[in-house]
Every structure is written in C-alpha cells, then in structure tokens.
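Working notes, beginning with the structure itself.
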Number of protein chains: 2
Amino acid sequence: MATIYEVSKLAGVSLATVSRVMNNNTNVSDATRKKVTVAMTQLGYRPNSIAQSLASNCSNSVGLLVSELQGPFYGPMMSGIETAFRKQSKHVIIAAGHSDEEREQQAIEFLISRNCDGLILHVEAISDDYLIELSKGKTPFVLINRYIRELASRCIILNNVKGGYLATKHVLEQGHTNIAYISGPLWKQDAQDRLAGHKQALAEHNISFNEQLLYQGDFMEDSGTAGFQHLYNGNSKFTALICANDEMATGAMASARESSLILPEQLSIMGYDNVFFTRHVYPPLSTVNYPINEMGQMAANWILSEVYKKTTPALQTLFEPELVVRQSIITNPQ
Amino acid sequence: MATIYEVSKLAGVSLATVSRVMNNNTNVSDATRKKVTVAMTQLGYRPNSIAQSLASNCSNSVGLLVSELQGPFYGPMMSGIETAFRKQSKHVIIAAGHSDEEREQQAIEFLISRNCDGLILHVEAISDDYLIELSKGKTPFVLINRYIRELASRCIILNNVKGGYLATKHVLEQGHTNIAYISGPLWKQDAQDRLAGHKQALAEHNISFNEQLLYQGDFMEDSGTAGFQHLYNGNSKFTALICANDEMATGAMASARESSLILPEQLSIMGYDNVFFTRHVYPPLSTVNYPINEMGQMAANWILSEVYKKTTPALQTLFEPELVVRQSIITNPQ
DNA sequence: TTGAAAGCGTTACCAG
DNA sequence: CTGGTAACGCTTTCAA
C-alpha cells in the first residue's frame, strides 16, 4: 500500500502538501495540486484512515447502540442512520444492549473505547443519572426515544401522549365503551405516556378508567398473550383491546384466536408503532405510526451537525405520531 | 486521558513494559505487573485503540455488508455476528448494499478503506469475478448465502436444493397434485436451487412440471402478489402455491384473499426462510427454516479463526434447512 | 503557496 | 525480565 510519503516523492512535493490536497485545503496552487493527484492515482494511493484518525484525533466513526439488532423496530432506525452517515463517509459501529442495564453500560464503554466521535443511543435500562454523568464526558451523544429534562436538546422523541390519545380516540369513535388496555412496563416513560394519552381520550369521552381493564405488559409478544388471557378471564367485559405496541397486539391476537374469538368481529384490537409486519397479520392491524426511520436520520443529523460541524437540515427533536387505520377495529354493534 | 507514558512514569517502568502487561505478555514479573496495573487503575487509564491499531497494523474491526439493515432476514444474521464479535472485543462496522452492484462495490471499498481486518459479505448483485479478484487482495472475507467454486472454503451456504425439495415434498404428501410455484429471480443461484429441489420432489412423485404454473418473482412481497394474480388468471388450476421465500408468500396470501379465496381451505400456501413474522400471518405459514442466525455466527467464527487466529468451534460451511409445519397447508380434499 | 519537523499513543524489535 | 527506540502514516503548527 502506497503511503503519503511515496506520493510526495513521486510528485516532488512535501508530505504537508500532499496532506493539503487530500483535505481540500485551498492554499495549494492548481499546478501542484495536479501533480499530486496524478501521483496519487498513479500509485493507487488510499489514505490510511487509522493514521488519519490518530493524527487528527477524529475517528470518523459513530457508535450506535440499540436494544436488538433484530426485531422490526430497529431495522428502519439503523437504516436511516447508516444511510445518512455513509453519504458523509462516516462509519457506524453497532452494538446491542438487550435492554439490560449492565450490557447497555458495557456497550457504551465499548463504543467509547473505540474512539467513536459521537454516539447514538437507544437505551432502556440505563439510569438517567448515568446518562447525565456521561454527558459530562467528552463523547457527545443523542438519545432516541428517551427524554431526560437535563439533556432535553439531545433527546429525539415521539409525542407518545398524543399517540396514545389518537389510538384510543379512534376506538372510541367506533362506538366502543368497554376498552381494555395492555400497557408497556410502567417504569418506562414511553409506556406511561401512551397510557396517559389513553386516559385522556377516555376522559374526553366521559368514560371512566377501569383499573380492571388494565394489564401491565413488557412490550414483548408474550406479555400480549398473557395480558389477553388475564383480561379475558377477568370480570370486566370489553369489546376492544388497545395494546401499547404492535408486538403485544400480535400476541394478544394469537391468544384471542386461541380462545375462539373471531377477529375483528368479536374483538377489536389496536396496536402502536406501525412496525412493518402489522399489515401482514390478519386482520391487518390498525396502529399508530412511529416515524422511527426519520427519527434515526434526525439523530444522524444531530451528530453531523454537533460533532462534525456539518450543515444539515434544521434539527428537530419532537416527532408526531399518526393514526393508521386498517381492519382490526370494527364499529361496535352495541 | 491518561496515556501509556504517564502510566509508565507513575509505575516507574518503561513504556515497553506497560505495553507488555496490557497485552498479557508473559515475560513480566509479577511484581512489576502489579505496579503497572495499580498505576493504570489509579489513572483510569484506557488504551487508545486507534494508536494500537496503527502500531499493530490490526484494527480489530470487521466489516459487515448486508443488503438491507431492515427486513426480517438480516436482523438475526447481524445479531449472531455482533454477539460473537463483541465477546472478543472486535467491533463490527455495518454497511448496506441494497442489492445493487455499484452500491455493493462502494460499500466494500468503504469497508476496506476503514482498515477492516476482515469482511463478512452478503452480496447479491456483485459478480463472481469481482469477488474472485477481491480474494487476491489483502483483506480476507467470507461470503454468506453465495457459492463460488473458486472460493468454496469461504462460502457459508444453505442446502437450498434440499430446502426446495422438502417444501414441495410436504405439499405433495398432503395430496396436492396441482402445485403452482413462484420462484426467486432465476439468475440467482439460491432461486435456481430452490426450484431445482421443487422439480426433484415433483419428479419423485411422478408429477410432471408444468411451466404454466411457474412464475418468476424477485423475492419481494409485491412480486408475490403479482405472481398470484398471474397464476390465478392463467389456464392451469392449482390447489397449492409454493413461494421461494416468505415475503412473496405473504404478498400472495394478501392477493389471494383479495380474490376472495378462503385460506387455507381454498388454497394452501408454503413459504421459505422461516422469517419471524411467518407465525403471525394468518393462517400461520408453513415454511422452511433458514438458520441464518447460526450461519451468521459461523461467519464470525470463520473470521475469528482465519483472521485473528482464535480457536473456535469447528468451522462449518454447509447448513441444512428444515421443514416447519404450521397451518397454511391443508390436505387436499381431492 | 510550500516545506520541515514535531507530534498522535501505541507496538515491536534489539540490547542488555 | 526490562528498557531504549524506531516505526506506524498521517495532521498540523511554524517558518520561510
């Protein structure tokens, strides 16, 4: 592999000059620039990015921490991020935190030890305090789907209260009055917010919230099936079930079907996230769109702007959910 | 950030010695090793991985190129790979090739320019010749789901002929004799192989292959719906439809339902890949399992073994598919 | 506009 | 077992 030294020799200029043309430094005469580029192509020169990093103290790499590499939610997010960065020749190093505090912490340290210039974090288990502490360190980061007041400007979030509200409002408008709800784990802000939106819509329609119709899940499919069973065997009847995400809705659907319910005729079900497979389940699931791909891109832009000082489209921190109506909700026959 | 130099000063030893204890070089007395480790923790020393890379000519990073970051197929693959590497403190840089020749090539060059020690490639559009040429370069790589004779030992593949055979055999055993088939793009080896397996099973049951019942898709959902329409409007009737992957099967199901067919009663459908959402579609899709997570891990092991000279479980290059029976196939009433 | 030279933080070779 | 020192390939002052 040719080095900058060989290029400089062939071109008959100094190392510094070669470096200058590489970095598009304007202070190079056209003549010498030409000599250098010719020498570069002649030697098939490729800069060694490791050496560049060491000398410039900039690794051009950004760390991306997600809960799972698999799963329908993270795919579009990673995709938005990778696309945005590759255009700028930054590379992304990925790690998975598996919603576990210790593993999330390890992953962050791993990424930092790899000299990432910035981090994009989708973390769930790690504490606010840890992140606030981390923000005092030298590696900048953005948070996706997590709001911490002290770090507000770097929190890219969805208006989950509104999303919860939209979902329930839609169900109410179809005439349902007995509505069950499977929430996410309520120590998580997003789960709380979605539930809050639910209650708000209920209140607006003068329907009192029935604790009996609430089940706390964990955003995973199995808790959807467990939740349905629990609610179905309870004392309060319901004609519609709202789940705080699509995975749980899927689990609930499977479970409902096992209990011989006909969907959607005997039970309307609503999801949240608009994960790609929701149009494939049967009946196609009505849900709330979470523009995670765009939010991923925004996170990338944040890094591009704050860390690399690139000009990007205006940064936006709060995103709005949208109702997606498909066929899993029917109007209540009363 | 403390450097190795400060550690050496505090410990009262030379740089070389500090380096030795970091790299677990045995030639260090317990006493000095102790002094050094104490100094390290005292300073909160963290080695600079960039400098290590430059000096050792090893970046400890491996490049991973997939077609899409999203989509149900690649998630489990990436997951298997990331897990295997992080255990060994190697990091993975991801890139997406989008099944496009130029973008795949760019991605490979990008990864190489990032000094990856090795590459894991899931490429579709790039030519055999390019890869053979690439194999002469200095960056080692493994291929997933692609077989090139000249590169056989680094091709991690599924026995697709057998998978195709298994799928069709199952359908035949349920008494179907008029079986339609939506293939992948036939310039791809895996699509060819799956179809070959299909034909083989047919032959074994003395059923002649009917060209009228074949539609060439492109492995994407829409071609499943297009394929179903085409076949359904054709002259040959069929009671079962086999698709060369799950996405197309899903598209076909939706389309069949739009044509008012009742599934699975009026049409049995079979998929391929056993992508995670297949159990969520309705009726739950019978399919063929593609152990992509394990194959990803194996690719990681290949790199670990060949590039980093680690000892790993025995390398395996050919994986076997398995039939997954769910409820989308019924026995043919005849 | 250009060149010389001092880093960047390690590793690895060669002596001792 | 330990220390000295030359790389590794580039960026970035500082002078000219």
Side-chain angles (χ1 to χ4, degrees), chain A residues 1-37 39-40 43-61 89 112-117 138-139 308-309, chain B residues 1-40 43-61 89 91 112-117 138-139 308-309:
Chain A
M1 206 65 228
T3 72
I4 198 177
Y5 176 72
E6 305 173 40
V7 175
S8 75
K9 236 175 31 184
L10 182 58
V13 299
S14 74
L15 294 186
T17 303
V18 178
S19 177
R20 284 192 192 97
V21 344
M22 282 176 46
N23 299 296
N24 279 316
N25 190 311
T26 41
N27 293 351
V28 180
S29 73
D30 281 358
T32 46
R33 179 186 303 280
K34 182 108 184 191
K35 277 193 298 186
V36 172
T37 48
M40 293 210 281
L43 291 169
Y45 170 74
R46 304 221 158 270
N48 178 327
S49 62
I50 299 281
Q52 287 180 317
S53 299
L54 184 61
S56 66
N57 194 28
C58 165
S59 67
N60 283 310
S61 71
S89 282
I112 291 180
S113 81
R114 286 320 190 159
N115 292 72
C116 291
D117 298 326
K138 73 177 232 292
T139 309
Y308 297 112
K309 309 302 176 196
Chain B
M1 205 66 227
T3 72
I4 198 177
Y5 176 71
E6 305 174 39
V7 175
S8 78
K9 236 177 25 187
L10 182 59
V13 299
S14 73
L15 292 186
T17 303
V18 178
S19 177
R20 283 191 194 98
V21 345
M22 284 178 42
N23 298 297
N24 279 316
N25 191 313
T26 42
N27 293 351
V28 181
S29 73
D30 282 357
T32 44
R33 178 185 304 279
K34 183 106 183 195
K35 279 193 296 186
V36 172
T37 48
V38 167
M40 293 211 280
L43 291 169
Y45 170 75
R46 304 223 157 268
N48 179 326
S49 62
I50 299 281
Q52 287 180 317
S53 298
L54 183 60
S56 66
N57 194 27
C58 166
S59 67
N60 284 310
S61 71
S89 282
H91 65 243
I112 290 180
S113 81
R114 288 318 190 159
N115 292 72
C116 291
D117 298 327
K138 75 175 232 291
T139 308
Y308 296 113
K309 308 303 176 194

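Note on naming: letters A, B, ... go to the chains in the order of the sequence lines (proteins, then strands), and numbering restarts at 1 for each one.
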When you measure from the side-chain N and O atoms of Ser56(A) to the phosphate of dT12(D), is any distance below 4.0 Å, counting only OP1 and OP2?
no
Using whole Å, report how far CG of Leu54(B) lies from C1' of dC10(D).
8 Å
Between Ser19(A) and Leu15(A) (side chain of the first, backbone of the second, donor and acceptor by atom type, cut-off under 3.5 Å), is there such a pair?
no
For dT11(D) and Asn57(A) - does any side-chain N or O of the residue sit under 4.0 Å from the phosphate oxygens OP1/OP2?
no
I want to check one thing: is the phosphate of dT10(C), taken as OP1 and OP2, less than 4.0 Å away from some side-chain N or O of Tyr45(B)?
yes
Toward the 5' end of DNA chain D, by each residue's nearest nucleotide, Asp30(B) or Ala55(B):
Asp30(B)
From CG of Leu15(B) over to P of dC1(D), roughly how many Å is that when rounded to an integer?
20 Å
Rounded distance (Å) that lies between atom P of dT2(C) and atom NZ of Lys35(A):
8 Å
Between dA12(C) atom P and Met22(B) atom CE, what is the distance in whole Å?
11 Å
Asp117(B) (side chain) donor-acceptor with Ser59(B) (main chain) under 3.5 angstrom
yes
At less than 4.0 Å, is any side-chain N or O atom of Thr32(B) found next to OP1 or OP2 of dT2(D)? Yes or no.
yes
Ser49(A) side chain to Ser113(B) main-chain N or O, any donor-acceptor pair under 3.5 Å?
yes
Is any side-chain N or O of Thr17(B) closer than 4.0 Å to OP1 or OP2 of dG3(D)?
yes
Spell out, as yes or no, whether a donor-acceptor pair under 3.5 Å connects the side chain of Thr32(B) to the backbone of Val28(B).
no
Expressed in angstrom and rounded to an integer, what is the separation of Asn48(A) atom CG from dG9(D) atom C1'?
6 Å
Are OP1 or OP2 of dT2(C) and a side-chain N or O of Ser14(A) less than 4.0 angstrom apart?
no
Determine: side-chain N/O of Thr3(B) to OP1/OP2 of dG9(C), distance under 4.0 Å, yes or no.
no
Taking the side chain of Ala51(B) as its heavy atoms from C-beta onward, which of dC10(D), dT10(C), dC14(D) lies nearest to it?
dT10(C)
Between P of dC8(C) and CG of Asp117(A), the distance in whole Å:
18 Å
Measure from the side-chain N and O atoms of Ser53(A) to the backbone N and O of Ile50(B), and report whether any donor-acceptor pair falls under 3.5 Å.
no
Is the side chain of Thr17(B) donor-acceptor paired with the backbone N or O of Val13(B) at a distance under 3.5 Å, no angle test?
no
In whole angstrom, what separates Ile4(B)'s CD1 from dT2(D)'s P?
15 Å
Could a donor-acceptor pair under 3.5 angstrom be found where the side chain of Arg46(B) meets the base of dG9(C)?
no
Hey, does the side chain of Ser29(A) come within less than 4.0 Å of dT2(C)'s phosphate (OP1/OP2), counting only N and O?
yes
Taking any heavy-atom pair under 4.0 Å as a contact, classify Val18(A): base, sugar-phosphate, or nothing.
nothing
Taken to the nearest whole Å, OH/Tyr5(B) to P/dT5(D) is 13 Å
On DNA chain C, nearest-nucleotide positions of Ser19(B) versus Val28(A): which is more 5'?
Val28(A)
